[in-house]
Amino acid sequence: MDLPKKYDPQEAEQKWLESWDASGIYKWDPSKSRDESFVVDTPPPTVSGSLHVGHLFSYSHQDFIVRFQRMMGKNIFFPIGWDDNGLPTERRVQNLLNVKCEAHLPYDPDFKAERGKKGNATPISRKNFVELCDEVIVDDEKAFKQLWTRLGMSYDWDQEYATINEHSRRTSQYSFLELLEKDEIYQAERPVMWDVDFQTAIAQAELEDKERPSAYNFIRFGVEGSEEKLVVATTRPELLPACVAVLVHPEDKRYADFVGKNAISPLFEVPVPIKADAKADPEKGTGVVMVCTFGDQTDVEWWTAYKLPLRQIIGRDGHLMAVEFVAAGTPEQHGKIPSLNPDSANAVYSTIQGKYTKQAQKLVIAAAEENGTVIDRPAENITHAVKFFEKGERPLELVPTRQWYTKIMDKKEALVGQGKKIKWHPEYMEKRYAHWVEGLNQDWCLSRQRYFGVPIPVWYRLDEHGEVRYDQTILPTLKDLPIDPLSECPQGFTADQRDQPNGFTGDPDVLDTWATSSLSPQVASQWVEDKERHQKLFPMDMRPQGHDIIRTWAFYTIVKAYLHEKEVPWHNVVLSGWILDPDRKKMSKSQGNVVTPEPLIDQFGADAVRYWAARARLGVDTSFDEKVFKVGKKLVTKLFNASKFAIGRFEDVPADQLTPDKICTELDRAVIAQLRPVIEKATAAFKEFDYAQALSLAEGYFWSVYCDNYLEMAKQRTYDEALTAERLSACATLRLVHRALVRMMAPFIPYITEEVWGWTYSNDSDMATSIHKSPWPTLDEFAAVPAPAHSTSYDAAVAVVELIRKAKADAAVSMAAPVESATITVAEANVAAVEATLDDIQRMLKIETATVVAGTIEIGLATVETVLAPVPAAE
RNA sequence: GGGCGAUUAGCUCAGUUGGUUAGAGCAUCUGUCUUACACACAGAGGGUCGCAGGUUCGAAUCCUGCAUCGCCCACCA
């Protein structure tokens, strides 16, 4: 056989990708039973996000495990999906095509968008908008597909899915309707966390705290029927007009006399009750807290508990809304706030109406300062955490709106229990999940006031005045799913009844993107369409994901599996760490420190990139270090060279002469004895998803035992002219061990191992044509090889070799320099062991005469006295 | 404030139930073209295992406290 001189990774990548695609080795076989299968709930990457090296990292991890399981004989279900649903795609479409969605516009089938259009954004219907999203993501998905393919991901592309396609929309809407039927979903009008830029509700899982500078403003409230003042400390003076009560701690003696009276807010002169509440902290600020609608979550609690009036002043767009101050005593109604001095209150409010909160805050403080009696003492600067939408740029507000919710607060204990039934890798991540569940403080807000998402599949009746009757929902039949209630009409109605009195209207909202992502197992298993297939795939075996989305993707998936089937969605969660840049910052697009993946693969090869990923243990954040790519590339080169050499040593020997029973020398048996625990440990580690350990074991043995020692020691025997027993033994060992090692590295470096495999092993009757379909090595393959006569043979031989090498290195001569004599001193017990491998050692190091004597060894296994042959004088 | 994790050689990291002299790769230095590989091989130097206690015949490993870093959560008047 003519083996190539040099290895070209790019050429090999192309060649094997075509071959794998043609042979369909990664296809799932639906006829196999559940027990024979290994089922993966693959994370669908956000296609509109940028590709960076972190993707290569965590996606490689899945593939290592999957490839191992495939070699263990499992029928692999390894789908791939794209997360194209949601805000990132919306934003891309808006920017790219300069359009904006206005949900109630009618669909225009002839609308064409143009890229790079300038001027005002064109308003279009939701259906048009969604069509554009669908177009844009096609290109993104191509880029991802190409990258994953090149990285060597062993996906079954027949199982490709997307979170916005028809199938996912059907699944997601089906889930919504089933949970509605089960009374696990409800709608409610209540204050919800609201992003004023995206103008949508968001859920607890999407919150992010950010430290922001702020200040305590000390503001004097009047007390009805008294000259005394109550000083409130507030960080949100702009909410003064929305104040509905003032609270003090029941045991706070300073304020005990005020409880039960009314306080008068300054500037607006609104009388509000002074109440005692244990949640008012006497240590905080002045111990007097003003309740506003709404400054924070505690305000909501107090507002609910005391049935306080609603004085919403912050609008959905973040501007201060129009409100009117009216004479105190007028019954409370929407948009009217009772004041003791409506004229002056309206005058002050008119300066802040229509402003953003930040500006309004400045104006209120200015008005207070101007007034002269309002500010009690200078403001105190502080920094505190403020809640943001994780993708948002301005703090969230609490705005009362009607939203759909999934009941989760009543299931916290059960959900923690579900978490315990799942094996988390690494194990401690389970605590993170449990901690999150225990800390939940609200039901899951499902509805989003956005466009590119799965529509909420609900219509409502309108009464004779054209008002929406939210209690009279009209639901689609399951066979009609997916539906868009804004462009389709419910059964029994005609399109012209839309938005007409006594007609119907469609729910304009879409579902939280996680409401669909959380169904990734059900989407992949085709839960709605094919119950039998679903049964075969669910619960799944493995969910790989990042630890940053435990509270979202993992959590919500567990929720859905529990609500629908009282099941866990998978048996194992495998969590990758993050990639940090060399300064140990998380690599992310917003930080501007991302490394793009393609050039890396060009430079080092896909195998080397995968090797880098394989070195990182699960859950551990890893810094981006180019040196590791180089090491990976070296391993690939080494494997190429060593394989070429090893195979070259035995390829001329008839295959029937290279059977395990031919392995007869002490050294050969000792080397195999060294391999057995490596196989056992690597297999055990891999079964526990610890691919890094498996790689380390295989790589360590390959480099040190196989290449640096065994090949060197055994190769002289392979040069014997006759087919002696010793030569056959060496050749059989080289082959048997090599054939196992290549397979142990195949999950990590699939290209080079497939290349090497094709040189000879693909023809072995007990192996498959592709290494990736061949069985993972087992001890059975070595069962015919007896244990060495002495358990220390290998270690003793290496110890002796090292000592003689050191003698040569100290003498600054070549390793090939001849040695006249070597006197090897070993402990009595090891004399026989060293003698058993002495021939190989002598031939390897060119030792003329070697003597083994028994003696006392203080450190290590042996000492050696070496006499080097005289070096011929240079001419 | 609560929780989780980390802290081992200049750097990146292993170290599996407590057990000889704590390992690897990279980097550094020295040597070697040796019938696979100089993208290699051989050799050397380099660590009081974050700190302080404790348990033990024996601790990087177990316990307690502390420090530093990271992450998650809470606090938000």
Side-chain angles (χ1 to χ4, degrees), chain A residues 3 5-7 207 209 211-212 214 216-217 232-236 239 246-247 279-281 284-292 295-299 302 382-387 395 426 428-436 438-439 441 547-548 550-551 577-578 580 582 584-586 615-617 619-623 625-628 630-631 633-649 681 684-685 688 690 692-693 696 699-700 703-704 707-708 711-712 715-716 719 801-802 804-817 844-846 858-860:
Chain A
L3 295 177
K5 187 89 186 111
K6 278 264 173 195
Y7 178 66
L207 290 181
D209 282 357
E211 284 291 324
R212 283 291 176 274
S214 183
Y216 277 131
N217 293 280
V232 166
T234 177
T235 57
R236 301 212 48 189
L239 289 177
V246 164
L247 303 184
K279 280 193 87 172
D281 183 353
K284 225 171 225 176
T286 59
V288 186
V289 54
M290 71 170 186
V291 182
C292 304
D296 62 34
Q297 201 62 44
T298 347
D299 279 349
W302 283 321
I382 55 161
T383 359
H384 66 170
V386 182
K387 285 192 197 324
Y428 62 77
M429 292 290 185
E430 194 268 329
K431 284 196 187 119
R432 233 186 244 197
Y433 165 81
H435 207 212
W436 169 255
E438 283 156 8
N441 57 29
H547 55 71
D548 50 331
I550 289 176
R551 67 175 184 170
W578 282 336
L580 310 174
R584 302 206 69 84
K585 293 227 170 60
K586 188 193 171 188
R615 287 259 302 236
R617 275 150 50 253
V620 178
D621 295 346
T622 300
S623 61
D625 185 356
E626 227 175 61
K627 285 182 208 142
V628 183
K630 289 187 186 155
V631 175
K633 199 174 175 192
K634 275 166 66 174
L635 176 65
V636 169
T637 308
K638 186 77 176 177
L639 185 59
F640 176 83
N641 284 317
S643 300
K644 206 166 51 142
F645 179 64
I647 291 172
R649 296 319 316 133
K681 285 182 193 166
E688 286 303 309
D690 189 356
Q693 174 80 349
S696 164
E699 185 190 10
W703 209 291
S704 159
C707 293
D708 293 346
L711 266 177
E712 296 296 331
K715 71 180 175 189
Q716 296 302 333
Y719 291 126
V801 164
E802 280 174 355
I804 296 169
R805 278 169 169 168
K806 180 164 162 50
K808 290 188 182 188
D810 288 348
V813 298
S814 157
M815 287 301 131
M844 169 192 184
L845 294 163
K846 304 205 166 32
E858 281 177 18
I859 294 172

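Throughout, a chain's letter reflects where its sequence line sits, starting with A, and its residues are numbered from 1.
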Inset, instruction - With P as the reference atom in both, quote the distance from B:G54 to B:U16 in angstrom, rounded to an integer. - result: 25 Å

Inset, instruction - Look at the side chain of A:D548 against the base of B:C71 and say whether a donor-acceptor pair falls under 3.5 Å; ignore hydrogens and angles. - result: no

Legend entry - Integer angstrom distance from the C1' of B:A52 to that of B:A44: 36 Å

Inset, instruction - Output the single nucleotide from B:C37, B:C71, B:G31 whose closest atom is nearest the side chain of A:N641. - result: B:C37

Legend entry - Distance-only donor-acceptor test (3.5 Å): side chain A:E712, base B:A36: yes

Inset, instruction - Would you please say whether a donor-acceptor pair under 3.5 Å links the side chains of A:S623 and A:D625? - result: no

Legend entry - Nucleotide paired to B:G25 in any strand shown, Watson-Crick or G-U, under 3.5 Å: B:C11

Inset, instruction - Could you measure between the two P atoms, the one in B:C63 and the one in B:U55, and give it in whole Å? - result: 15 Å

Legend entry - Closest to the A:Q716 side chain, choosing from B:C26, B:A77, B:U35: B:U35

Inset, instruction - Specify the separation, in whole Å, of atom CD1 of A:I647 and atom P of B:A36. - result: 15 Å

Inset, instruction - May I have the distance from A:F640 (atom CZ) to B:C37 (atom P), rounded to whole angstrom? - result: 11 Å

Inset, instruction - Taking only the side-chain nitrogens and oxygens of A:K808, find out if one of them lies under 4.0 Å from OP1 or OP2 of B:G31. - result: no

Legend entry - Euclidean distance for C1', B:C66 against B:A6 (whole angstrom): 16 Å

Inset, instruction - Give a yes or no on whether a donor-acceptor pair under 3.5 Å exists between the nucleobase atoms of B:C39, that is its base, and the side chain of A:K633. - result: no

